Asks: 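Okay, here's the structure, questions in a sec.
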Amino acid sequence: MNPTRPAGVAAWLGAPWLPVAVLLFSSSMWGLSWLPLKAFAEHGLSGPLLAMLTYGLIGLVGLPWLWRERALWLRDKRLLLALVVFGGWGNAAFVSALVLGDVVRVMLLFYLAPVWSVLGGRFFLGESVSMRRAGAVALALTGAFLVVGGFSVFDAPLSAADLLALTSGMGFAGNNIVSRAAQGMPTATKTVALCLGCALAALLMMAVGTGAAVPAMPSAVVIAGLLAYSLFGLALVIVTWQWSVTHLEAGRSGVLAIAELLVAMLTATLIGDETMLPREWLGAALIVAAAVLEATDTTESVCLPNVITPKEIT
């Protein structure tokens, strides 16, 4: 046995480039997640059903970790419940939107999440909004306006996929806000709560008729694919994402995470036969620019008076 190996492994794990590479990998995998979801949908599996089966399986596997860490989250159980609600809806709605709608359109509308994070941080955590962040919000909203059709959006209501994509971004933003308020809660607890919440939200969507009826028993190949996607693909992406963002500055990770949007747009247009109008490309550019502005804002957040603070939330 080589006694120098542990030190070498520790040095490798501590390399500054590793979290960057891991986050780029994770973001790219998120950007490709539409491929297996669309494939499962072709076998009659609706978005809510897919969300319930895949995230629910991870949540069930993670229950022992949740129980083991109960002493750490029982004191913040209301925050944990908020994570279940916001994170659960964000993921269930995102999966359902990808199955129902155009990948590029869904991803662009979902990427308004930084807008909701800025506004939520201002009104619920009392964080001040710099001119840079205000500009990012304006850019993102303008970009979204172009993506959904400009002034023609008033001629017809948004589609179900559009609404799911928008509210999924709101759910993720709410999850991020609550996570900032729950700094002492273990990452494993947050992850399991999010997955269980996703399964519950998907069940609710199915109960009220948002998703398609449960299909006949899928084939053994489809079942094997679901197990592989959930326990290996999805679990790997979630773990690598959580690990990398905890080892990088928030601004840097925010910029790198844009790889998810770019990969989804490129693959959907190149191999998914989706097309984008010049108006949509301009909207996409504005949304990406807004995400970069928000992620690279180095202004420290200052809590303002007469707003809800993290302590008051608990």
Side-chain angles (χ1 to χ4, degrees), residues 5-33 36 51 54-70 72-73 76 79-80 83-84 86-88 90-91 94-95 110-111 113-114 117 168 171-199 227-264 291-292 294-296:
R5 183 177 179 182
V9 171
W12 186 76
L13 290 175
W17 56 265
L18 185 60
V20 173
V22 172
L23 183 55
L24 284 174
F25 164 80
S26 181
S27 298
S28 299
M29 291 301 100
W30 280 122
L32 292 171
S33 63
T54 54
Y55 282 86
L57 184 57
I58 296 176
L60 289 176
V61 171
L63 280 176
W65 280 270
L66 191 66
W67 177 254
R68 186 179 63 186
E69 296 175 344
R70 63 190 183 279
L72 299 175
W73 57 258
D76 292 328
L79 286 176
L80 186 70
L83 288 173
V84 169
F86 289 113
N91 282 275
F94 181 68
V95 170
F110 166 76
Y111 251 79
S117 293
S168 70
F172 271 96
N175 180 81
N176 293 340
I177 292 168
V178 176
S179 291
R180 292 207 300 269
Q183 292 290 331
M185 192 177 296
T187 299
T189 294
K190 296 178 182 179
T191 302
V192 175
L194 180 148
C195 290
L196 292 175
C198 180
L227 290 173
Y229 171 72
S230 180
L231 295 179
F232 297 100
L234 186 59
L236 175 64
V237 173
I238 291 175
V239 170
T240 53
W241 179 278
Q242 294 280 14
W243 181 85
S244 58
V245 296
T246 58
H247 289 80
L248 287 170
E249 301 90 347
R252 196 176 187 189
S253 63
V255 173
L256 294 171
I258 298 174
E260 173 189 359
L261 175 61
L262 299 179
V263 169
V292 173
E294 161 59 17
T296 56

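Positions are given from 1 along the sequence. Here the structure is a predicted model, which is why all the values come from computation and not from measurement. Only this structure's heavy atoms are used, side chains among them; waters, hydrogens and symmetry mates stay out.
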Asks: Of all heavy-atom pairs between S244 and V22, which one has the smallest distance, and what is that distance?
Replies: CB-CG1, 3.9 Å
Asks: Mind checking side-chain contact (heavy atoms from CB on, under 4.5 Å) for A173 and listing every partner two or more places apart, or none if nothing turns up?
Replies: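 By the side-chain contact (heavy atoms from CB on, under 4.5 Å) rule, A173 matches W116, S117.
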Asks: To the nearest 0.5 Å, how far apart are CG in L234 and CG in L57?
Replies: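 One gets 9.5 Å once the value is rounded to the nearest 0.5 Å.
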Asks: How close do A199 and G56 get, heavy atom to heavy atom, and via which atoms?
Replies: CB-CA, 3.7 Å
Asks: Please assess L236 against W241 for the test side chain to side chain contact (heavy atoms under 4.5 Å, CB included), listing each intermediate value before the final yes or no.
Replies: CA-CA 8 Å; L236 175 64; W241 179 278; over 6 Å; no
Asks: Over all heavy atoms of both residues, which pair between I58 and S230 is shortest? Give the atoms and the distance, please.
Replies: CD1-O, 3.4 Å
Asks: Taking only residues two or more places apart in sequence or in another chain, which ones pass side-chain contact (heavy atoms from CB on, under 4.5 Å) with A51?
Replies: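 Residues passing side-chain contact (heavy atoms from CB on, under 4.5 Å) with A51: A92, V95, C198, A202.
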Asks: Please identify each residue that fulfils side-chain hydrogen bond (donor to acceptor under 3.5 Å, both in side chains) with N175, with sequence neighbours left out.
Replies: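 Counting only residues at least two positions away or on another chain, N175 forms no side-chain hydrogen bond (donor to acceptor under 3.5 Å, both in side chains).
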Asks: Measure across L80 and A193 and return the closest heavy-atom pair with its distance rounded to 0.1 Å.
Replies: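 The answer is CD1-CB, 3.6 Å.
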Asks: When you compare the side chain of W243 with that of I238, does any pair of heavy atoms fall below 4.5 Å?
Replies: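 A side-chain contact is absent here, since even the closest heavy-atom pair is not under 4.5 Å.
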Asks: So, for K190 and M185, which heavy atoms are closest and what is the spacing to 0.1 Å?
Replies: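 Heavy-atom minimum between the residues: CE-O, 3.4 Å.
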Asks: Can you list the residues that meet the side-chain hydrogen bond (donor to acceptor under 3.5 Å, both in side chains) rule with T189, with sequence neighbours excluded?
Replies: E69
Asks: Spell out, as yes or no, whether a donor-acceptor pair under 3.5 Å connects the side chain of S33 to the backbone of W30.
Replies: yes
Asks: My understanding is that only residues two or more places apart in sequence, or in another chain, count here; which of them pass ring-ring contact (aromatic ring centres under 6.0 Å, His included) with F110?
Replies: F94, F172
Asks: Mind checking whether N91 and L194 have side chains closer than 4.5 Å, heavy atoms only?
Replies: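 Yes. Closest side-chain heavy atoms under 4.5 Å.
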Asks: Name all residues meeting the side-chain contact (heavy atoms from CB on, under 4.5 Å) criterion together with V20; count only those two or more places apart in sequence or in a different chain, and write none if there are none.
Replies: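 Listed in chain order: L24, L248, R252, L256.
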Asks: Which atoms form the tightest heavy-atom contact between L66 and W73, and what is the distance?
Replies: O-NE1, 2.8 Å
Asks: Not counting sequence neighbours, which residues clear side-chain contact (heavy atoms from CB on, under 4.5 Å) with M29? List them please.
Replies: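 With sequence neighbours excluded, M29 shows a side-chain contact (heavy atoms from CB on, under 4.5 Å) to F25, L32, V237, given in chain and number order.
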Asks: Find the distance between CG (L262) and CD1 (I258) and round it off to the nearest 0.5 Å.
Replies: 7.0 Å
Asks: Which residues pass the side-chain hydrogen bond (donor to acceptor under 3.5 Å, both in side chains) test with T191, sequence neighbours left out?
Replies: Q242
